[in-house]
Peer 1: 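Dropping a structure here in structure tokens format, bear with me for questions.
Both counts, for ligands and for their atoms, begin at 1 and track the order of listing. Small disclaimer: the values here were computed from a predicted structure and weren't measured. Side-chain atoms are counted along with the backbone in the values below, which use heavy atoms only and exclude waters and symmetry mates. Residue numbers start at 1 and run along the sequence shown.
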Amino acid sequence: MTQTVLSASRSHQVFDRALKVAPGGVNSPVRSCKSVASEPVFIDRADGAYMWDVDGNRYIDYVGSWGAMILGHRHPRVLEAIEDGLLRGTSFGAPCAAEVELAELIQKIVPSMELVRMVNSGTEATMSAIRLARAFTSRQMIVKFDGCYHGHADSFLVRAGSGLATLGIASSPGVPEDLSRLTISLPYNDLPAVEKTFQEHRDKIAAVIVEPVVGNAGLIKPGEGYLRGLRELSTRHGALLIFDEVMTGFRVALGGAQERWQIEPDLTCLGKIIGAGLPVGAYGGRKQIMEMVAPQGPVYQAGTLSGNPLAMRAGAAQLRLLQIPHTYQQLDQRTDRLADGLRELAGKSRTPFQVSSITGMITLFFAPKEVNDFAGAQACDTKAFARLWQALIAAGIYWPPSQFETAFVSLVHSKKDIDETLAAFEEALASLDKGD
Ligand code: HOZ
């Protein structure tokens, strides 16, 4: 039996106030719930696998701060680390041992990151990584892939996923055309297109940046040999390969997609998961490249809050726990329980949908056949998705409010939570079939 959310009156009041102080009433577009024709619920608190809104409604949370909360909300060890840090001060703008400890953990778990620079978000990580790639190669062009989202820096807002796909923004006004011209966006999972582009722009491409598993167009997995092909083509043509592992890092395997597929990128970008819910990002890679970053080299990048002591402590606590043996088997089991249950429902549903899943990540695509690229995701029935989402939120399931995002399964989603979630999906899909 699923619970029913009874009231949204306080959320509605807060949203009214928010609309008067913030564009669209939010601080990041997807959470506005605009694309699912709804108002956002405002969250009051969270614990484990749950969040409660300001009206007191409880939700099983499958957003998990977009992947950061892999251990669930308020994990005791993470809270202890933050509390310990709080007693010592919240920001120094000077080096601290905690940032060295987190970097050492990252370096150990992701060995391709021979040197690491901490920043404050995934966006900062990716924009810094391409500046570095341009400096290292003395080239200017960047290749990305349709539907991949690498944060909101100017160079990446070309055929991007996440909020741009959600709101139907093809490319953002305000990005200088001269800069956009330096970004080439190609279909994901299409190696011949990459080969052709390298032929056409010989010696001009500084880097190929990719979400090794796309999470920002919904979940799209790499085809057989795709990531290895990107590695080979980049090496052959003198370009750097950058893995944006903001979503996949410490999730699809402890060492991320690069461990799972055994591919060594030149640079890696990490985000929220290494801060356990506090604002952190990092980029790193081959020593020879990273040595170009200031103050060791001339490529400038800086930040007062970079290496913030609270965030570093929280992140280190999270990464230490993720190293416990069998963690990823457990995450796999939880994900499979939900994904298999959804696939079973797909077999019964009159509204066709596909379930894409990998360790800790799931997307339900309203598509008649498997989705392998952004074009496939864009062809989905977004109206059906909106109706499904509305029914889920009313049943106490906080699913990402966009067809072009991934749901995150955490280590604290219990069998009971997952079964309750499946029951809510069953009811929601049945009402969709009835045309309610
Ligand atoms: N770009 C984030 C996930 N891909 C969504 C951020 C948000 O709207 O909160």
Side-chain angles (χ1 to χ4, degrees), residues 11 14-15 18-19 22-43 46 51 53 59 61-70 73 119-127 144-154 156-169 172 188 209-220 244-249 251-252 257 269-275 277-281 356 358 360-365 374 377-378 382 385-386 389 393 398-410:
S11 268
V14 182
F15 189 46
L19 286 167
V26 288
N27 286 303
S28 193
V30 176
R31 66 181 75 163
S32 70
C33 299
K34 203 170 165 181
S35 77
V36 287
S38 302
E39 279 188 7
V41 291
F42 281 72
I43 301 302
M51 298 201 294
D53 68 16
Y59 302 93
D61 178 20
Y62 289 98
V63 170
S65 194
W66 302 98
M69 311 316 295
I70 189 166
H73 296 279
V119 290
N120 298 289
S121 68
T123 290
E124 265 191 67
T126 53
M127 73 182 202
K144 69 173 281 292
F145 298 95
D146 301 347
C148 285
Y149 176 76
H150 305 291
H152 60 87
D154 286 352
F156 299 121
L157 300 184
V158 180
R159 293 213 287 271
S162 189
L164 288 96
T166 302
L167 300 172
I169 301 171
S172 174
Y188 180 78
I209 183 164
V210 66
E211 287 185 84
V213 176
V214 186
N216 281 292
L219 178 66
I220 306 175
D244 176 345
E245 297 231 45
V246 167
M247 284 189 179
T248 53
R251 179 165 287 275
V252 299
C269 299
L270 299 171
K272 44 209 143 215
I273 199 162
I274 61 162
L278 295 189
V280 187
S356 178
I358 194 166
M361 301 167 84
I362 296 191
T363 293
L364 185 156
F365 283 118
F374 190 38
Q378 283 180 308
T382 51
F385 181 86
W389 188 89
I393 196 87
Y398 196 84
W399 198 254
S402 166
Q403 177 68 98
F404 307 103
E405 296 284 0
T406 293
F408 294 95
V409 179
S410 79

Peer 1: When you look for heavy atoms under 4.0 Å from ligand 1, do you find them on the side chain of S28, its backbone, both, or neither?
Peer 2: both

Peer 1: For ligand 1, which atoms have a heavy atom of M247 less than 4.0 angstrom away?
Peer 2: 4 (N)

Peer 1: I want to know if ligand 1 touches K272 in the polar sense, i.e. an N/O pair below 3.5 angstrom.
Peer 2: no

Peer 1: Short question: side chain of S11, backbone of V41 - any donor-acceptor pair under 3.5 Å?
Peer 2: no

Peer 1: So does E124 get a backbone contact from the side chain of S121, meaning a donor-acceptor N/O pair under 3.5 Å?
Peer 2: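 Checking the backbone N and O of E124 against the side chain of S121, a donor-acceptor pair under 3.5 Å is found.
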
Peer 1: Considering only heavy atoms, which of S162, G67, P29 lies nearest to atom 1 (N) of ligand 1?
Peer 2: S162

Peer 1: Do S162 and E405 have side-chain atoms, one donor and one acceptor, less than 3.5 Å apart?
Peer 2: yes

Peer 1: Looking only at protein heavy atoms, which one is nearest to atom 5 (C) of ligand 1, and how far off is it?
Peer 2: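 Going by distance alone, atom 5 (C) of ligand 1 is nearest to W66 CE2, 3.6 Å.
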
Peer 1: If the cut-off is 4.0 Å to any non-hydrogen atom of E405, which atoms of ligand 1 fall inside it?
Peer 2: 3 (C), 4 (N)

Peer 1: Heavy-atom distances under 4.0 Å decide this one: backbone, side chain, both or neither, for N216 against ligand 1?
Peer 2: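 Side chain only.
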
Peer 1: For F42 and G25, which heavy atoms make the closest approach, and how far apart are they?
Peer 2: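 Shortest heavy-atom separation between F42 and G25 comes out as CZ-O, 4.2 Å.
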
Peer 1: Numbering the atoms of ligand 1 from 1, which are under 4.0 Å from a heavy atom of R31?
Peer 2: 7 (C), 8 (O), 9 (O)

Peer 1: Is a side-chain donor-acceptor pair under 3.5 Å present for D53 with Y59?
Peer 2: yes

Peer 1: Are the side chain of E245 and the backbone of A257 linked by a donor-acceptor contact shorter than 3.5 Å?
Peer 2: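 Yes; at least one donor-acceptor contact below 3.5 Å.
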
